[in-house]
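Single-structure report; data block below.
Quick note on labels: first sequence line is chain A, next is B, and so on, each numbered from 1. Just so it is clear, the model here is predicted, and its values are computed rather than measured. Note: hydrogens, waters and symmetry copies are ignored here, and every other heavy atom, side chains too, is used.
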Protein chains: 2
Amino acid sequence: MVEKQLKERIIETALTLFEKYGYHGVTVDRIVAECGASKGGFYHNFKSKDELLYHIHDVFITYVLNKAQEAYVKYRTPTKRLCAIIHSFVRVFHIYKPHITVFNQEAAYLKPEYAEKINEKREQYKQIIFQVLREGIEAKEFRSEISIELAGLSIIGMVNWMYKWYKPDGPMSIEQIAAVFNDLILHSLLTEEAKRDEDISSFLLSHVGEE
Amino acid sequence: MVEKQLKERIIETALTLFEKYGYHGVTVDRIVAECGASKGGFYHNFKSKDELLYHIHDVFITYVLNKAQEAYVKYRTPTKRLCAIIHSFVRVFHIYKPHITVFNQEAAYLKPEYAEKINEKREQYKQIIFQVLREGIEAKEFRSEISIELAGLSIIGMVNWMYKWYKPDGPMSIEQIAAVFNDLILHSLLTEEAKRDEDISSFLLSHVGEE
DNA sequence: GTGAACAGACCAACTAGTCGGTTTGAAATA
DNA sequence: TATTTCAAACCGACTAGTTGGTCTGTTCAC
């Protein structure tokens with residue numbers, strides 16, 4: 001196995017520090033000191049501290065957007081699609097918790113040209129959720145009286161908020177959290193008929209483990 | 001009417017700027033320039049820039065905590081209490097949107113002695129929500145299979161997340177948003193029996209306006 | 001007159017980014 | 001194989017600009 005590349009080491013160290021102290025609470029000098037590098041090494045790999053921040057944002061949003069698109073394509077019904085997307089969304093916290101923290105906390109400090117690129121992908125992500133909710137209402141799986149926009153933003157909010165409290169070594173596993181979230185969300189969205197559908201209600205907590 | 005005090009003007013200006021550019025994106029010089037004050041005036045009213053940040057945090061959390069306690073005392077059943085708390089929570093965005101944005105974005109930069117005080121109140125707020133959920137399960141109004149912790153954090157997350165998208169002049173009023181949130185949350189929490197209770201289900205969207 | 005409220009020039013510390021130099025490793029050459 | 005070459009990777013002292021905070025006044029209300 002080859003020695004871990006400097007760029008990777010810088011990113012990892014920066015991530016840990018940013019998560020704890022915030023982007024402005026960490027100096028470039030501190031980052032390079034903490035990972036045994038130098039100013040020169042840093043600026044050889046990154047144009048600026050801002051570019052590092054952008055890189056962190058981009059890695060996460062690109063990954064999570066891909067996962068959502070995969071989940072959408074893989075399943076055919078709105079409920080299954082929604083559950084799969086939420087499941088993948090929650091699961092990302094397992095690997096990318098520091099990225100997500102930085103993403104949610106420091107986005108305001110992205111330079112305009114970077115912010116634009118990130119916002120585009122963020123917007124795409126939202127649209128996938130909205131799309132699934134729309135399809136769910138059309139298919140009469142989801143209640144028609146809910147607001148797609150508000151329901152979508154609620155889902156995004158409750159999952160994203162995990163970055164404030166989720167601890168990888170906490171009492172609940174990622175899989176358990178995802179299951180509970182899906183249960184809560186489906187209970188708030190499903191129509192009465194849909195709940196009676198065996199295939200759909202299998203995603204609800206009270207049915208987990210049943211055959 | 002007396003001339004608006006300098007301290008108030010500083011806070012208002014700082015709030016607007018912090019909301020847009022972040023705490024570290026705004027200098028003390030900028031704040032005082034923008035509200036026609038001076039460095040001297042600023043440091044006469046605040047010990048430091050950090051104290052101003054703390055003050056903003058404290059005003060908001062104190063207010064919202066009070067509102068939740070009031071709502072808790074005012075009503076007697078878990079469902080009513082929860083709806084009232086959420087309603088008051090959402091409503092705060094109408095007056096304190098900039099405060100909340102700063103509260104959610106910049107808390108990491110609070111100096112330890114300040115952070116501790118704020119966290120205490122934040123924790124109290126969470127406990128009120130947990131308490132209501134606990135009572136709701138005991139009273140068989142809320143489903144017993146849900147996790148109090150996760151349900152509580154979900155609620156807090158979806159409401160707090162509003163700071164990312166809520167615009168006071170947007171298409172939905174605060175009251176409408178609160179109604180939709182309550183509908184979504186209750187649908188995910190209520191037991192089947194509770195939903196059949198006229199008194200309880202009056203908080204659901206499909207029943208709003210009915211007699 | 002006296003102290004609180006405010007003004008604004010000034011300072012010291014900090015920090016992102018630079019720049020000339022050194023190391024390293026792999027390809028080219030002999 | 002031994003040697004040269006050269007560019008990419010990396011180093012770290014230095015700089016220029018910024019920014020929170022201070023300090024010496026001045027104004028104003030009572």
Is B/Asp29 paired with B/Lys39 through a side-chain N to carboxylate O contact shorter than 4.0 Å?
yes
Distance check needed: C/dA16 C1' versus B/His24 NE2, whole Å only.
15 Å
Close aromatic pair by centroid cut-off 6.0 Å: A/Phe89 and A/Tyr125
yes
Rounded to the nearest angstrom, tell me the gap between atom CG in B/Asp29 and atom P in C/dC11.
15 Å
Taking all atoms of both residues into account, what is the closest heavy-atom pair of A/Lys49 and A/Tyr23, and its distance?
NZ-O, 3.0 Å
How long is the gap from CD on A/Glu149 to CD1 on A/Ile129, to the nearest 0.5 Å?
12.5 Å
Ring centroids only, cut at 6.0 angstrom: are A/Tyr114 and A/His57 within range, meaning strictly under it?
no
Axial cation check for A/Tyr96 ring with A/Arg91, 6.0 Å and 45° limits:
no
At 4.0 Å (heavy atoms only), tell me whether B/Val32 reaches a base, stays on the sugar-phosphate, or touches nothing.
nothing
Span of DNA chain D, from the first to the last nucleotide whose atoms fall under 4.0 Å of chain A heavy atoms:
D/dA9 to D/dA13
Do the side chains of A/Thr79 and A/Val132 get nearer than 4.5 Å, heavy atoms only?
no
For A/Val64, the option from A/Ile85, A/Ile100, A/Val59, A/Val92 that meets side-chain contact (heavy atoms from CB on, under 4.5 Å)
A/Val92
Rounded off to whole Å, could you give me the CG-to-P distance for the A/Leu6 and C/dT23 pair?
18 Å
DNA chain C contacts among residues 36-49 of chain A, heavy-atom distance under 4.0 Å
A/Lys39, A/Tyr43, A/Ser48, A/Lys49
